[in-house]
Amino acid sequence: MLLSMASNQQTRPGIGELAKDSARDRIGVVMGAVGGRVQIRPIGGGTEWDAIPDNVVAPSPREELRARLAIRNSNSRDGL
(Lines give C-alpha, C1' and ligand atoms only; values in the text may rest on other atoms or scores of the structure.)
Protein backbone atom coordinates (compact mmCIF):
# COMPACT_ATOMS: atom_id res chain seq x y z
CA MET A 1 0.00 0.00 0.00
CA LEU A 2 1.46 3.33 -1.00
CA LEU A 3 0.23 6.69 0.16
CA SER A 4 0.61 9.62 -2.19
CA MET A 5 2.34 12.74 -1.03
CA ALA A 6 0.84 16.07 -1.97
CA SER A 7 2.32 18.03 -4.83
CA ASN A 8 5.40 16.18 -6.02
CA GLN A 9 3.66 12.80 -6.54
CA GLN A 10 6.30 10.85 -4.64
CA THR A 11 5.10 7.86 -2.68
CA ARG A 12 5.42 7.11 0.99
CA PRO A 13 5.73 3.50 2.17
CA GLY A 14 2.58 2.01 3.66
CA ILE A 15 2.02 -0.40 6.53
CA GLY A 16 4.23 -3.48 6.25
CA GLU A 17 6.66 -1.89 3.80
CA LEU A 18 10.27 -0.90 4.32
CA ALA A 19 10.80 2.76 5.02
CA LYS A 20 13.66 5.09 5.79
CA ASP A 21 13.38 7.73 8.49
CA SER A 22 15.55 10.35 6.83
CA ALA A 23 15.86 12.39 10.03
CA ARG A 24 17.47 9.45 11.87
CA ASP A 25 18.96 7.73 8.82
CA ARG A 26 17.35 4.45 9.95
CA ILE A 27 15.45 1.83 8.00
CA GLY A 28 12.57 -0.23 9.32
CA VAL A 29 9.08 -1.53 8.64
CA VAL A 30 6.09 0.80 8.86
CA MET A 31 3.81 -0.54 11.61
CA GLY A 32 1.15 2.16 11.63
CA ALA A 33 0.43 5.79 12.34
CA VAL A 34 -0.84 7.36 15.55
CA GLY A 35 -1.17 10.99 16.55
CA GLY A 36 0.32 12.35 13.35
CA ARG A 37 3.43 10.18 13.64
CA VAL A 38 4.49 7.07 11.74
CA GLN A 39 5.61 4.10 13.83
CA ILE A 40 8.57 2.23 12.38
CA ARG A 41 10.09 -0.99 13.74
CA PRO A 42 13.67 -2.08 12.94
CA ILE A 43 13.56 -4.86 10.32
CA GLY A 44 15.38 -7.17 12.68
CA GLY A 45 12.79 -6.57 15.39
CA GLY A 46 12.98 -4.36 18.41
CA THR A 47 11.38 -1.23 19.75
CA GLU A 48 9.39 0.94 17.38
CA TRP A 49 10.19 4.60 17.02
CA ASP A 50 8.03 7.51 15.92
CA ALA A 51 8.86 9.44 12.79
CA ILE A 52 7.48 12.62 11.30
CA PRO A 53 5.57 11.61 8.14
CA ASP A 54 7.50 14.06 5.94
CA ASN A 55 10.73 12.29 6.95
CA VAL A 56 9.46 8.81 5.96
CA VAL A 57 10.61 7.83 2.48
CA ALA A 58 11.21 4.65 0.53
CA PRO A 59 14.80 3.45 0.94
CA SER A 60 17.01 3.36 -2.12
CA PRO A 61 17.61 -0.11 -3.58
CA ARG A 62 21.12 -0.04 -2.11
CA GLU A 63 19.86 0.91 1.37
CA GLU A 64 17.20 -1.79 1.24
CA LEU A 65 19.70 -4.43 0.19
CA ARG A 66 22.15 -3.39 2.90
CA ALA A 67 19.44 -3.57 5.59
CA ARG A 68 18.12 -6.95 4.44
CA LEU A 69 21.65 -8.37 4.19
CA ALA A 70 22.51 -7.19 7.71
CA ILE A 71 19.47 -9.02 9.07
CA ARG A 72 20.25 -12.14 7.06
CA ASN A 73 23.82 -12.16 8.36
CA SER A 74 22.62 -11.67 11.92
CA ASN A 75 20.15 -14.54 11.58
CA SER A 76 22.88 -16.73 10.13
CA ARG A 77 25.18 -16.04 13.07
CA ASP A 78 22.31 -16.85 15.44
CA GLY A 79 21.60 -20.14 13.67
CA LEU A 80 18.20 -19.10 12.32
Side-chain angles (χ1 to χ4, degrees):
M1 173 182 186
L2 295 176
L3 304 173
S4 286
M5 293 176 70
S7 61
N8 59 9
Q9 296 301 313
Q10 290 180 332
T11 56
R12 186 176 312 148
I15 294 173
E17 295 182 326
L18 280 182
K20 177 180 177 181
D21 178 351
S22 61
R24 296 181 185 212
D25 197 29
R26 292 180 67 188
I27 294 177
V29 178
V30 175
M31 302 307 292
V34 174
R37 303 290 179 155
V38 177
Q39 277 105 27
I40 303 175
R41 177 173 288 160
I43 60 175
T47 305
E48 295 176 6
W49 74 90
D50 290 338
I52 297 171
D54 288 343
N55 294 335
V56 178
V57 298
S60 71
R62 173 178 244 155
E63 291 169 326
E64 182 176 344
L65 179 61
R66 183 181 301 133
R68 289 185 187 278
L69 184 58
I71 295 307
R72 189 91 182 227
N73 287 340
S74 175
N75 288 344
S76 177
R77 284 190 296 271
D78 295 339
L80 299 176

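The minimum heavy-atom distance linking K20 with P59 is given by the pair N-CD, 4.1 Å. Of all the heavy atoms in V56 and A19, the pair that sits closest is CG1-CB, 3.7 Å. Taking all atoms of both residues into account, the shortest heavy-atom contact from E64 to I27 is N-CD1, 4.4 Å.
Linking ILVMFWY residues whenever their side-chain heavy atoms come closer than 4.5 Å, directly or via other members, places V38 and I15 in the same cluster. Both M31 and I43 sit in one connected hydrophobic cluster of ILVMFWY residues. Membership requires side-chain heavy atoms under 4.5 Å apart, directly or through other members.
No side-chain heavy atom of L18 sits under 4.5 Å from any side-chain heavy atom of P13. The shortest distance between side-chain heavy atoms of E17 and V29 does not fall below 4.5 Å.
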Exercise for the section: Quick one: do I52 and R37 satisfy side chain to side chain contact (heavy atoms under 4.5 Å, CB included)? Show the steps, please. Expected result: CA-CA 5 Å; I52 297 171; R37 303 290 179 155; 2.8 Å; yes
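In this structure, the separation between CH2 on W49 and CZ on R24 is 7.5 Å, given to the nearest 0.5 Å. Atom CG of D21 and atom CG of D50 lie 9.5 Å apart (nearest 0.5 Å).
Legend: residues meeting side chain to side chain donor-acceptor pair (under 3.5 Å) with N73, ordered by chain and number and at least two apart, are absent. Every residue meeting the salt bridge (charged side-chain N to carboxylate O under 4.0 Å, His left out) condition with R41, not counting sequence neighbours, appears here in chain and number order: E48.
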